[in-house]
Amino acid sequence: MGTSLQPVDMLAPGANINAYMQAVNSFPILSVDEEKRLGERLYYDEDVDAARQLVMAHLRFVVHIAKSYAGYGLSQSDLIQEGNVGLMKAVKRFNPEKGVRLVSFAVHWIKAEMHEFILRNWRIVKVATTKAQRKLFFNLRGQKKRLGWLTHQEAEAVAKDLNVEVKHVQQMEGRLASYDASFDAGTDDDEESAYLAPANYLEDHRYNPATQAEAADWNTDNVSRLHSALKDLDERSQVIIQRRWLNDEKSTLHELADEFSVSAERIRQLEKNAMKKVRAVMDA
């Protein structure tokens, strides 16, 4: 059938998801007879306006389904738009002579589009490629009754319900637990989530693994050189350097002078000579 559903003008939720929900809820729900008449106009006469009315009346149903997939970390607006595509496909194929309400017929098409979108975008590395894996992916999230990991008994129960092996349940749970964060902040993200988006840290090289490894090696080498330099000093010079430079609470020249029964100037000279030796080892 060549009917186009493009005239429908409320298919994009946009950034203001709440305003969109209010708008779609304002469209009246069709009675059985109204739906049948519109379906017949579309099916037999390819009436685009009838298609538009059928879609409009069922947009709220797409929103309802999209809410059930809120735990996947994807934009509700995007999910709704994908679901709306499925709704339009269902309306295009709807046969009023079958005696089935459009909402019952459309649920398959709406969920199919949402499932495809989720699997395409939820992870960079695909979590489910086969039909069995897809079934497990969506059912496992619904079967889990808590946020923590499944116990072995719970995994066995899920495997029995879905007619799969326990190891496949455990493998899928691991994939679900390690989903990728969105690189860019979405339009539905709150201020904190948007601030934490990885894209905001693109130019921050402090946490580059190579830089961190280099810094760790540099620090380790410096500490090793410092210990080596201190070992080459006499005991009194070691104490002076430790108390004047390394301790949290630094000692004054006069405190050390009283302790070693020498003048403060002598402590200063000993400190100066000891620091020259330390720097020579550190710079070697």
Side-chain angles (χ1 to χ4, degrees), residues 71-75 119-129 144 146-152 167 170-284:
Y72 291 87
L74 296 173
S75 164
L119 291 171
R120 189 171 63 247
N121 295 278
W122 197 66
R123 280 187 58 81
I124 296 173
V125 179
K126 300 302 183 184
V127 293
T129 53
K144 291 186 67 171
R146 55 188 172 81
L147 294 178
W149 288 85
L150 294 174
T151 65
H152 185 70
K167 68 177 182 179
Q170 295 169 335
Q171 289 171 355
M172 183 59 70
E173 183 180 28
R175 295 180 184 182
L176 290 172
S178 59
Y179 88 95
D180 299 304
S182 174
F183 182 77
D184 296 307
T187 55
D188 292 341
D189 292 340
D190 56 32
E191 183 176 350
E192 181 178 358
S193 299
Y195 176 76
L196 295 176
N200 293 329
Y201 301 91
L202 184 61
E203 297 302 324
D204 191 345
H205 300 292
R206 291 176 300 168
Y207 305 108
N208 181 286
T211 303
Q212 288 183 310
E214 181 182 357
D217 289 343
W218 187 84
N219 290 334
T220 300
D221 182 63
N222 277 349
V223 171
S224 177
R225 286 172 178 267
L226 178 60
H227 282 302
S228 178
L230 291 175
K231 286 181 180 180
D232 291 339
L233 299 176
D234 61 80
E235 184 176 348
R236 183 171 60 176
S237 295
Q238 288 182 22
V239 172
I240 292 173
I241 295 299
Q242 182 72 40
R243 300 267 292 276
R244 290 282 291 161
W245 291 88
L246 303 179
N247 288 357
D248 291 335
E249 295 184 6
K250 307 296 188 292
S251 297
T252 65
L253 292 173
H254 290 285
E255 289 173 342
L256 291 170
D258 292 341
E259 184 175 331
F260 289 106
S261 300
V262 295
S263 66
E265 177 60 23
R266 179 58 180 158
I267 295 296
R268 189 190 66 77
Q269 292 175 352
L270 291 170
E271 177 186 8
K272 182 179 179 180
N273 291 334
M275 287 301 298
K276 283 184 179 180
K277 295 179 181 178
V278 170
R279 288 195 182 98
V281 175
M282 298 292 291
D283 295 339

Roughly how far, to the nearest 0.5 Å, is [atom2] of [Y] from [atom1] of [X]?
X      : Y      : atom1 : atom2 : answer
Glu259 : Ile267 : CD    : CD1   : 8.5 Å
Asp232 : Gln238 : CG    : CD    : 9.0 Å
Leu233 : Met275 : CG    : CE    : 10.0 Å
Lys250 : Gln242 : NZ    : CD    : 9.5 Å
Leu253 : Arg243 : CG    : CZ    : 12.0 Å

Notebook entry, point to check: With a 4.5 Å limit on heavy-atom distance, are the side chains of Val262 and Arg236 in contact?
Noted result: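 A side-chain contact exists here, since the closest heavy-atom pair is under 4.5 Å.
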
Check: With Arg244, which of Leu270, Val239, Leu256 fulfils side-chain contact (heavy atoms from CB on, under 4.5 Å)?
Finding: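 Option passing the side-chain contact (heavy atoms from CB on, under 4.5 Å) with Arg244: Leu256.
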
Check: Looking at Ser263 and Ala257, what are the two nearest heavy atoms and their distance?
Finding: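 Nearest pair, atom of Ser263 first, then Ala257: C-CB, 3.7 Å.
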
Next item on the list: Mark yes or no for whether Arg225, through its side chain, and Val281, through its backbone, hold a donor-acceptor pair below 3.5 Å.
Entry: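 Side chain of Arg225 to backbone of Val281, a donor-acceptor pair under 3.5 Å: yes, one is there.
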
Next item on the list: Using a strict 4.0 Å threshold on nitrogen-to-oxygen distance, state whether Arg268 and Glu265 make a salt bridge.
Entry: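 Counted as a salt bridge, because a side-chain N and a carboxylate O are separated by less than 4.0 Å.
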
